[in-house]
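Everything on this sheet refers to the single structure shown next.
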Amino acid sequence: MNTINPEQHINETPLTGVTQAQVYQRGQLATAQPDWLAEEVPVALVYNGISHVVMMCTPKDLEAFALGFSLSEGIIESPRDIYSIEINQTCNGLEVQIELSSRRFAGLKERRRAMAGRTGCGVCGIEQLADIFRPLPALPFTQRFSFANLDHALRQLKQVQSVGQLTGCTHAASWISPQGDLLGGCEDVGRHVALDKLLGVRAKQDWQQGAILVSSRASYEMVQKSAMCGVEILFVVSAATSLAVEIAERSNLTLVGFSKPGRATVFTHPQRIED
C-alpha cells in the first residue's frame, strides 16, 4: 500500500488539492511549523451556460465529478449525453462548463431547481420535499461479493487518498472487484462529492462487476446516488441512517455498514453477500 509521509512532503511541490499553512503543535506553541491543509473551494457546475449548482469541493478530478454528478442526479443517462467539459478559474472559485445534448438540456430545464452546496445536508436548496425522493430503478441481482475479500479491499482504501494522507481531511470512494482488488477511486472533503467523482470514473471505465466502498457513513443520498447509477452493492465503513436503509431496501441495493477488518453489518438484501 502506498503511504505518504507528511514530513517528507513539506518542502516538495504540493499535490493538487492541498495548501501549506503554519500551525502550532501542543507542547511546542512557541514555534510555528509547516503543515498541509486540504483545499475546499466553491465549484459551480454550469450546464449549457446556466449555473445549476455550487458545491464545496477539493479541486481535483473535477471532470469525473461533473460526469458522476450528472449521472447520479439523473441529468444524463450516459456519458454520451455530455459533449464537452471545460474547467475555468473564476475570481471566487472554479466553474465547470458542461455542454449537454439538446434533449438532456431540455429535460434539465424542466426540472431545474435552486440548490446550494450539499456536502452536509441533502435537503439544502431543494425547493420541494418531493424532489428528495426521486424514482429509483429496481436493481437486478447480478452481483456477488464474498466477505473473505472485504479485508483486502479495506487495506487498499488509502491508496486513493493522496490528499487525505497528508491532511487527514478527505473521504474516499473506491470501486472494488469481486476479488476485493481496488480498481480505482477518488477523494474529497465531502463524502457525496467523493462518491460522485467515483461514479464518473466508473462510467468512463465501464466497470460493471464489483461494488463501491466508501470511507464514510451511509446517508440516504449516498444510497440514492449509487442506485441511480446501477450500483448493486455499497460498503460503508461507518453507520447507515434509517432512510438510507429504507431506500436501499426499496431499490434492491445491498447496503453493508460498519465495514471494518473482521466485521460488517448487512442492512439490506444479504443474498448478494457470501459469508
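Heavy atoms only: backbone and side chains are in, while hydrogens, waters and symmetry mates are out.
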ILVMFWY cluster membership beyond V46 - transitive side-chain contacts under 4.5 angstrom: none
CD of Q209 to CG of L183, rounded to nearest 0.5 Å, is 11.0 Å
Sequence neighbours left out, what passes ring pair (Phe, Tyr, Trp, His ring centres under 6.0 Å) with Y24? Give chain and number order. none
Any donor and acceptor pair, going by atom type alone, linking the side chain of W207 with main-chain N or O of I176 inside 3.5 Å? no
Beyond-backbone contact of E40 with C57, side-chain heavy atoms, under 4.5 angstrom: no
Any side-chain heavy atom of D196 within less than 4.5 Å of one from K225? yes
Closest non-hydrogen atom pair, T58 against K197: O-NZ, 3.0 Å
By side chain to side chain contact (heavy atoms under 4.5 Å, CB included), K204 pairs with (sequence neighbours left out) L67
To the nearest 0.5 Å, tell me how far L108 CG sits from S101 OG. 10.5 Å
Hits for side chain to side chain contact (heavy atoms under 4.5 Å, CB included) against N88, two or more places apart or cross-chain, chain-then-number order -> E86, Q97
Could you tell me which non-hydrogen atom of V163 sits nearest to which non-hydrogen atom of T16, and how far apart they are? CG2-O, 3.4 Å
Please name all residues satisfying side chain to side chain donor-acceptor pair (under 3.5 Å) with Q271, sequence neighbours left out, ordered by chain then number. none
Hey, what do you get for CG (L45) to CD1 (I50), rounding to the nearest 0.5 Å? 13.5 Å
Quick one: pull up CD1 in I87 and CG in L62 and give me the separation to the nearest 0.5 Å. 4.5 Å
Which atoms form the tightest heavy-atom contact between V201 and A64, and what is the distance? CG2-CB, 3.7 Å
Which pairs pass salt bridge (charged side-chain N to carboxylate O under 4.0 Å, His left out) with one or both residues in residues 265-275, sequence neighbours excluded? E232-R272
How far does OG of S226 sit from CG of L195, to the nearest 0.5 angstrom? 4.5 Å
Please report the shortest heavy-atom distance between C169 and A38, naming the atom on each side. CB-CB, 3.8 Å
Taking all non-hydrogen atoms of both residues, which atom of Y47 and which atom of A66 are closest, and how far apart? OH-O, 4.2 Å
Give a yes or no on whether V23 and V189 share a hydrophobic cluster (residues Ile, Leu, Val, Met, Phe, Trp, Tyr; joining criterion: side-chain heavy atoms under 4.5 Å apart). no
Using 4.0 Å as the upper bound for N to carboxylate O, is an ion pair formed by R103 and E77? yes
Nearest non-hydrogen partners of A194 and A173, listed with the distance: O-CB, 3.5 Å
Please report the C-alpha distance between D81 and S78 in whole Å, then the side-chain angles of each, then the deciding distance to 0.1 Å, and finally whether the side-chain contact (heavy atoms from CB on, under 4.5 Å) criterion is met. CA-CA 6 Å; D81 293 325; S78 80; 4.2 Å; yes
Quick one: does D61's side chain have a donor or acceptor within less than 3.5 Å of a partner on E187's backbone? no
Taking S174 for its side chain and L157 for its backbone only, find out whether a donor-acceptor pair lies under 3.5 Å. no
Any luck finding a side-chain donor-acceptor pair between Q25 and Q33 under 3.5 Å? no
R217 (side chain) donor-acceptor with T241 (main chain) under 3.5 angstrom: no
Take W36 and L15, measure what side-chain contact (heavy atoms from CB on, under 4.5 Å) needs, and give me the verdict at the end. CA-CA 10 Å; W36 294 115; L15 299 168; over 6 Å; no
If the condition is salt bridge (Lys or Arg N to Asp or Glu O under 4.0 Å), which residues does E246 pass it with, not counting sequence neighbours? R250
Under 4.5 Å between any side-chain heavy atoms of M222 and V236, yes or no? no
Kindly say whether L253 contributes a backbone atom to a donor-acceptor pair with the side chain of T268 at under 3.5 angstrom? yes
Between N48 (side chain) and L100 (backbone), is there a donor-acceptor pair under 3.5 Å? yes
Suppose the criterion is ring-ring contact (aromatic ring centres under 6.0 Å, His included): which pairs have a residue in residues 226-274, not counting sequence neighbours? F141-H269, F145-F235
Taking the side chain as every heavy atom from C-beta outward, state whether W175 and Q205 have any atom pair closer than 4.5 Å. no
List for me each residue that meets side chain to side chain contact (heavy atoms under 4.5 Å, CB included) alongside P270, sequence neighbours excluded, and say none if there are none. V266
Is it true that L139 and L136 fall in one hydrophobic cluster, defined by side-chain heavy atoms closer than 4.5 Å? yes
How about V193 and F69: do any of their side-chain heavy atoms sit closer than 4.5 Å? no
Pairs in or reaching into residues 89-101: which pass salt bridge (charged side-chain N to carboxylate O under 4.0 Å, His left out), with residues at least two apart or in two chains? none
Quick check: do I75 and H52 have side-chain heavy atoms less than 4.5 Å from each other? yes
Which pairs pass ring-ring contact (aromatic ring centres under 6.0 Å, His included) with one or both residues in residues 72-91, sequence neighbours excluded? none
Under 4.5 Å between side-chain heavy atoms, chaining through other members, with only Ile, Leu, Val, Met, Phe, Trp and Tyr counted: pull out the rest of the cluster around L182, sorted by chain and number. V160
Side-chain donor or acceptor of T167 paired with backbone N/O of L37 under 3.5 Å: no
State, yes or no, whether a side-chain contact exists between S219 and H192 at a heavy-atom distance under 4.5 Å. yes
Salt-bridge test for E39 and K60: reply yes if a basic N is under 4.0 Å from a carboxylate O, no otherwise. no
Can you tell me how far apart OG1 (T265) and CG (L255) are? Round to the nearest 0.5 Å. 10.0 Å
Taking V231's backbone N and O only, do any of them form a donor-acceptor pair with R202's side chain (distance below 3.5 Å, no angle check)? no
If you measure only the distance, is there a donor-acceptor pair under 3.5 Å linking the side chains of D188 and H171? no
